[in-house]
Every structure is written in C-alpha cells, then in structure tokens.
Amino acid sequence: MEPGNDTHISEFHLLGLSEDPELQPLIFGLFLSMYLITVFGNLLIIFAISSDSHLHTPMYFFLANLSFVDICFISTTVPKMLQNIQTQSQVITYGGCITQIYFFLLFTGLDDFLLAVMAYDRCMAICHPLYYTVIMKSTYCVLLVLVSWMMSALNSLLQSLMVLWLFFCREVEVSHFFCEINHVVRLACSNTLLNDLMMYFAAVLLAGGPLAGIIYSYSKIVSSILHISSAQSKYKIFSTCASHLLVVSLFYCTILGVYLSPAATQSSRASEVASVMYTVVTPMLNPFIYSLRNRDIKRALKRIVGVPVM
C-alpha cells in the first residue's frame, strides 16, 4: 500500500440492486410491501402467542423470539435501502455502515441459534416426552435465549470492531443494497487477513455449529419415529416438525447458496439477488409457514381477528 492511498472516509455508497432509474419505483414498491408484510405477520405471531395462555410453552416461546428477531433482521437492511431509493441517494455514513454490519451479524447469528434451539426443543419433546417438562423449564428456556444473544452479540461486536481498524481507499462503492461485511472488507486498502480468518472462524462456529445441532436433533427425532408403529402418531410428530424443517431449509439453503454457489461468488449481482432470499424473503415467509401449518396458531389467530384463518 502506497502512502497517501488511504484517507479518513465519512461515507460509503450502496449501489443497490439496480442503477436503472426506471426500475427504482418497482423495487421500492416491492420491498416496501415485503417489509410491511414481514413486520405485520411476525407481530401477529408474537401477539397471538402472548395473548393465548395455551401457547405459553417452550416451543411457542422460541417461535415468538424468532419472530421478533426476524422483524429486527429485515429492519436492519430494507428501511435504509428504501430511504436511499426515495431520496435518490446511495450514501450511507461510515458509522451507519459499521452499525448495519453489527446488527446484521447479530440477527443473522440469532436466527442460527434460535433455529438450533427450536430443533433441540422438538428433540426433547419427541425423544424424551416424560422428562420434557422437567428439562425444558421456563428458566432454562430463557437461559438458552440469553446465551444465544450473548454469543451473537460477542461475534458481531468483535467483527465490527475489526472492520473499524481497517483503512479504506477513496473508492468506497459497496456493490450491494446493504453493508455486507464481505463486500466492505474487500474495499479496504490495509491487510484484511485477520478479518478473513475471523469471518471463516465465525462461519464455522456460529453457522456450522447450530446446523450440526439441528441435523443431530432431527436424526434423533427420525430414529424415534422409526420405532413408532402407529401411522397416526408418526404423522402427528412429523406435522409438529414440518414447519420448523421448512424454515430451516429456506434459511440455510439460501444463505449457503450466497456464499458457496460458484455463480454467486463470480457475480456480485447474483450474490445480491441471492441475498434478498435470506434477508427479506425468508423472514417474510416464516409467519405464513408457521400459521398455515399450525393448528394452535390458527386457533389463536381466529380469536384475534375474528375470522377463519386458512
């Protein structure tokens, strides 16, 4: 790095999904609609769970936390993108970019951990039904959520601080619709080896760890199901896990597609489009998946809105 090639920058430029002026109103309307649907749908799930005493169980406690995290997750990226489209500006301040990185990593990690905790909860309920109420006490459930927050917050704080140590060149255009940490680190003029190592370590520990826990939990569940002779009991157990399995598949398939797909790696545009799936589409679909496939949630929603919910 030659002296004078770096400077104290005050802002980044988010290039967004498209620079075509004719597409901006369409993108604005589409993302505003998805954002409102996500926030309203997840708030409805939280309200349904909190207002119905029959849903005050560990499974729905974790689901309410997941819905809250999904609201925060999408609120980290989409409102800023909508603001930039509305004001016809691509600017995000340096502090705003670091803050966005922090909260994006925080809520991504929380999604990972909560999905793993929900799989563990289902494993305990199905594989150890007699000890379930003893194991999954309210204090233990709260502890699991608090540990998830602490682990995610520690990772996001550490990685955000490491980005603060970097020097950036004068060209600070982020080819994304939000400050995605990989894209921002690539813009640095200084050595990013420690940042890269930290990102790989966090990906293995905080993404691979929960995924391994989910796979292990469902392997135990499948093993238990195979020992049940009643087809009706098998179907009942499968129906309680189907919603969670679908959410896990959507989240991990899209996020792994962004970082492991050759097309996404070679094309920043492909990476941006794929990122929309796990940052916007998945949080929007979660309320529909859980409400449409869960009779308890549908029953609670009927009492709230006063009309049948299919």
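The shown structure was predicted, so the numbers you read here are calculated from the model rather than taken from an experiment.
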Working for side chain to side chain contact (heavy atoms under 4.5 Å, CB included), residues Y60 and I297 | CA-CA 9 Å; Y60 294 111; I297 293 290; 3.9 Å; yes
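- Annotation for V222: hydrophobic cluster partners, listed by chain and number, are L226 (ILVMFWY side-chain heavy atoms under 4.5 Å, direct or chained).
- Atom CG of L144 is separated from atom CH2 of W149 by 15.0 Å, given to the nearest 0.5 angstrom.
- Here the straight-line distance linking atom OG of S243 with atom CE of M59 works out to 8.5 Å at 0.5 Å rounding.
- Remark: side-chain polar atoms of T282 are paired, donor with acceptor, to backbone N or O of M277 under 3.5 angstrom.
- Here the side chain of H183 pairs no donor or acceptor atom with the backbone of C179 at under 3.5 angstrom.
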Given side chain to side chain contact (heavy atoms under 4.5 Å, CB included), test V185 with L166 step by step and report yes or no.
-> CA-CA 8 Å; V185 168; L166 298 175; 4.2 Å; yes
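- Every pair passing ring pair (Phe, Tyr, Trp, His ring centres under 6.0 Å) that includes a residue from residues 63-93 is listed here, sequence neighbours excluded: F73-F104.
- The same ILVMFWY cluster, assembled from side-chain heavy atoms under 4.5 Å apart, contains both L66 and F288.
- The CE atom of M150 sits 11.5 Å away from atom CZ of F113, with the distance rounded to the nearest 0.5 Å.
- When atom types are taken as modelled, the side chain of N195 and the backbone of M162 share a donor-acceptor pair closer than 3.5 angstrom.
- Hydrophobic clustering, with ILVMFWY side chains joined whenever heavy atoms are under 4.5 angstrom apart, groups L23 together with L14.
- Note that the CD atom of Q24 and the CG atom of L17 stand 8.5 Å from one another [nearest 0.5 Å].
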Applying side chain to side chain contact (heavy atoms under 4.5 Å, CB included), run through H56 and F61 and close with a yes or a no.
-> CA-CA 7 Å; H56 293 174; F61 170 72; over 6 Å; no
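- The backbone N or O of A188 lies less than 3.5 Å from no partner atom in the side chain of T192, so there is not a single donor-acceptor pair.
- Among residues two or more places apart in sequence or in another chain, the side chain to side chain contact (heavy atoms under 4.5 Å, CB included) test is passed with L205 by F201.
- One distance of note links CG of L105 with OG of S156; it measures 6.0 Å at 0.5 Å rounding.
- For residues 97-115, the pairs satisfying side-chain hydrogen bond (donor to acceptor under 3.5 Å, both in side chains) are D112-Y252, with sequence neighbours left out.
- For the pair N42 (side chain) and T38 (backbone), a donor-acceptor distance under 3.5 Å is present.
- By the neighbour-count criterion of 12 heavy atoms within 6.0 Å, atom NZ of K220 is sparsely surrounded, having that number or fewer from other residues, nucleotides or ligands.
- Judged as a ring pair (Phe, Tyr, Trp, His ring centres under 6.0 Å), and not counting sequence neighbours, the contacts of Y218 are H244.
- The CG atom of L106 lies 8.5 Å from the SG atom of C72; values are rounded to the nearest 0.5 Å.
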Candidate pair N155 and Q159, rule side chain to side chain donor-acceptor pair (under 3.5 Å), full reasoning = CA-CA 6 Å; N155 168 62; Q159 293 210 54; 3.0 Å; yes
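- Looking at residues two or more places apart in sequence or on another chain, you find a side chain to side chain contact (heavy atoms under 4.5 Å, CB included) between I135 and Y120, M124, Y131, Y140.
- A 6.0 Å sphere centred on CZ of F47 holds no more than 12 heavy atoms belonging to other residues, nucleotides or ligands.
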